[in-house]
Amino acid sequence: MSFRLILLRHGESIWNQENLFTGWTDVDLSERGKEEALRAGERLKEAGFRFDEAYTSVLKRSIRTLWSVLDRLDQMWIPTVCAWQLNERHYGALQGLDKGQTAHKYGEDQVLLWRRSYDVRPPLLSPNDPRHPRHDPRYASVASKDLPAAESLKDTLARVIPYWEGELAPRILAGKQLIVVAHGNSLRALVKYLDGLSDEEIVRLNIPTGMPLIYELDSDLRAVSHRYLASDDEVARASASVAAQGRAR
Ligand SMILES: O=C(O)[C@H](O)COP(=O)(O)O
């Protein structure tokens, strides 16, 4: 028995465009990001995909991307779940800072550790900071011990994988075709798990915005293969540009 799962990172956001650490900040798509989202829907349509259910985060850059995809597929009616567990990694006190200027100030190696290492946490947001998620009504039903002030990828994985095991995997095993629209690092956490990547291998993985990623899974839901619905050139260029966001400026 084999299964298929479609993953998609949201289109470019306004803060992606401005090269700012975003995390749980709820910024919208840029004009280019809106086009990327529609294009992702077109690519899925051209390839003949249909979905039974859709999952996304509680952040509007992902939600709006999902809306555009489902609009293009004429499937806006399918059940859709917004789950905080699929949010971007929480970038703590780095949120709102310019990635290039941060690299200039602290060094590119430190920014690479913050952005791509498995277990280094960015500096924490103070609980009194109005940006802390405990002040945001959308997280009112989340236990305070689960609300992060900053996350490493390991912390992100510790909320994404239980959600995968408890909610997504059972639906896939029940035969449902799912699309999961999420974020660069919540998807890196899921990909690390599905592909069994080591803590060192995950450092080199950069997921581009707006390019559908198709996973073929075995009966244990481990990855057999994956491919982007885009040319190798497009994927290589877009992934390199994500990696380059941490260069000193
Ligand atoms: O939160 C952010 O800034 C981006 O969505 C992902 O950022 P990264 O590529 O720097 O991890």
Side-chain angles (χ1 to χ4, degrees), residues 7-30 32-33 36-37 40 56-66 84-125 131-133 136 148-157 159-160 180-192 197 199 201-211 213 235-249:
L7 304 179
L8 176 64
R9 182 180 178 194
H10 59 82
E12 181 195 71
S13 75
I14 294 167
W15 279 21
N16 289 149
Q17 192 174 53
E18 295 175 355
N19 208 30
L20 307 179
F21 285 101
T22 315
W24 284 30
T25 316
D26 196 11
V27 296
D28 214 333
L29 296 177
S30 66
R32 177 178 164 171
E36 286 177 350
T56 188
S57 71
V58 295
L59 298 170
K60 64 169 76 106
R61 56 194 187 275
S62 282
I63 297 170
R64 199 180 299 288
T65 298
L66 175 62
W84 70 271
Q85 293 92 333
L86 296 173
N87 272 12
E88 180 55 289
R89 170 252 292 274
H90 196 296
Y91 256 125
L94 297 180
Q95 291 183 178
L97 298 182
D98 182 285
K99 293 178 189 179
Q101 285 170 13
T102 306
H104 187 70
K105 185 165 172 191
Y106 296 96
E108 288 184 358
D109 289 349
Q110 180 60 56
V111 167
L112 184 66
L113 280 179
W114 280 329
R115 294 183 72 216
R116 292 293 172 263
S117 68
Y118 182 52
D119 55 7
V120 175
R121 233 178 233 161
L124 304 185
L125 267 189
R131 297 171 297 164
H132 190 288
D136 188 329
E151 293 179 305
S152 62
L153 186 66
K154 188 177 177 183
D155 298 324
T156 307
L157 194 131
R159 60 168 160 89
V160 170
V180 176
V181 181
H183 301 263
N185 294 294
S186 51
L187 290 175
R188 283 175 71 239
L190 185 54
V191 162
K192 183 180 192 301
L197 298 181
D199 300 358
E201 285 168 324
I202 196 63
V203 173
R204 293 188 294 277
L205 183 73
N206 288 284
I207 298 184
T209 52
M211 291 185 185
L213 178 54
V235 174
R237 241 181 299 118
S239 306
S241 129
V242 173
Q245 288 168 359
R247 294 227 185 97
R249 268 174 236 179

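Remember, it's 1-based here, ligands and their atoms both numbered in the order they're listed.
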Exercise for the section: Start with the C-alpha gap between Asp199 and Lys192, add the side-chain angles, then the distance that decides, and say whether salt bridge (charged side-chain N to carboxylate O under 4.0 Å, His left out) holds. Expected result: CA-CA 8 Å; Asp199 300 358; Lys192 183 180 192 301; 2.9 Å; yes

Exercise for the section: Please name the residue in the list Arg121, Arg89, Arg159 that meets the side-chain hydrogen bond (donor to acceptor under 3.5 Å, both in side chains) test with Glu151. Expected result: Arg159

Practice task
Show which atoms of ligand 1 fall inside a sub-4.0 Å distance from at least one heavy-atom site of Leu20.
Solution key: 3 (O)

Exercise for the section: Decide whether an N or O pair under 3.5 Å exists between Glu88 and ligand 1. Expected result: yes

Handout entry: Interfacing atoms of ligand 1 (cut-off 4.0 Å, heavy-atom, Arg115)
Key = 8 (P), 9 (O), 10 (O)

Handout entry: For Tyr118, ring-ring contact (aromatic ring centres under 6.0 Å, His included) partners two or more places apart
Key = none

Practice task
Not counting sequence neighbours, which residues clear side-chain hydrogen bond (donor to acceptor under 3.5 Å, both in side chains) with Thr102? List them please.
Solution key: none

Practice task
Check for a donor-acceptor pair, side chain of Asn87 on one end and backbone N or O of Ser57 on the other, with a separation under 3.5 Å.
Solution key: no

Exercise for the section: Give me the one residue out of Arg188, Arg116, Gln245 that meets side-chain contact (heavy atoms from CB on, under 4.5 Å) with Asn206. Expected result: Arg116

Handout entry: Asn185 and ligand 1 - part of the residue with a heavy-atom distance under 4.0 Å
Key = side chain

Exercise for the section: Heavy-atom distances under 4.0 Å are what count here, so tell me which part of Arg9 touches ligand 1: side chain, backbone, both or neither. Expected result: side chain

Fill in the blank from the handout: heavy-atom search around atom 2 (C) of ligand 1 in the protein gives Thr22 N, 3.4 Å

Exercise for the section: Show your reasoning for whether side-chain hydrogen bond (donor to acceptor under 3.5 Å, both in side chains) applies to Glu12 and Ser30. Expected result: CA-CA 6 Å; Glu12 181 195 71; Ser30 66; 2.5 Å; yes

Handout entry: Polar atom proximity, Val242 to ligand 1 (N or O, under 3.5 Å)
Key = no

Practice task
Please indicate whether any nitrogen or oxygen in Arg89 is less than 3.5 Å from any nitrogen or oxygen in ligand 1.
Solution key: no

Exercise for the section: Name the orientation class of the two ring planes belonging to Trp24 and His90 (parallel below 30°, tilted from 30 to 60°, perpendicular beyond 60°). Expected result: tilted

Handout entry: Exercise: identify the closest heavy-atom pair between Thr25 and Arg61
Key = O-NH1, 2.9 Å

Exercise for the section: Classify the contact between Arg116 and ligand 1 as side chain, backbone, both or neither, using a heavy-atom distance cut-off of under 4.0 Å. Expected result: side chain

Practice task
Below 4.0 angstrom from a heavy atom of Gly23, which ligand 1 atoms are there? Numbered from 1 as shown, please.
Solution key: 1 (O), 2 (C)

Fill in the blank from the handout: Judged by heavy atoms only, the candidate from Phe21, Trp114, Tyr91 nearest atom 8 (P) of ligand 1 is Tyr91

Problem - Test item, Asn206 contacting ligand 1 (heavy atom, 4.0 angstrom) - result: no

Practice task
Determine, using heavy atoms of Gly184 and all atoms of ligand 1, whether some pair is separated by less than 4.0 Å.
Solution key: no

Practice task
Check whether any N or O atom of Lys99, backbone or side chain, sits under 3.5 Å from an N or O atom of ligand 1, and answer yes or no.
Solution key: yes

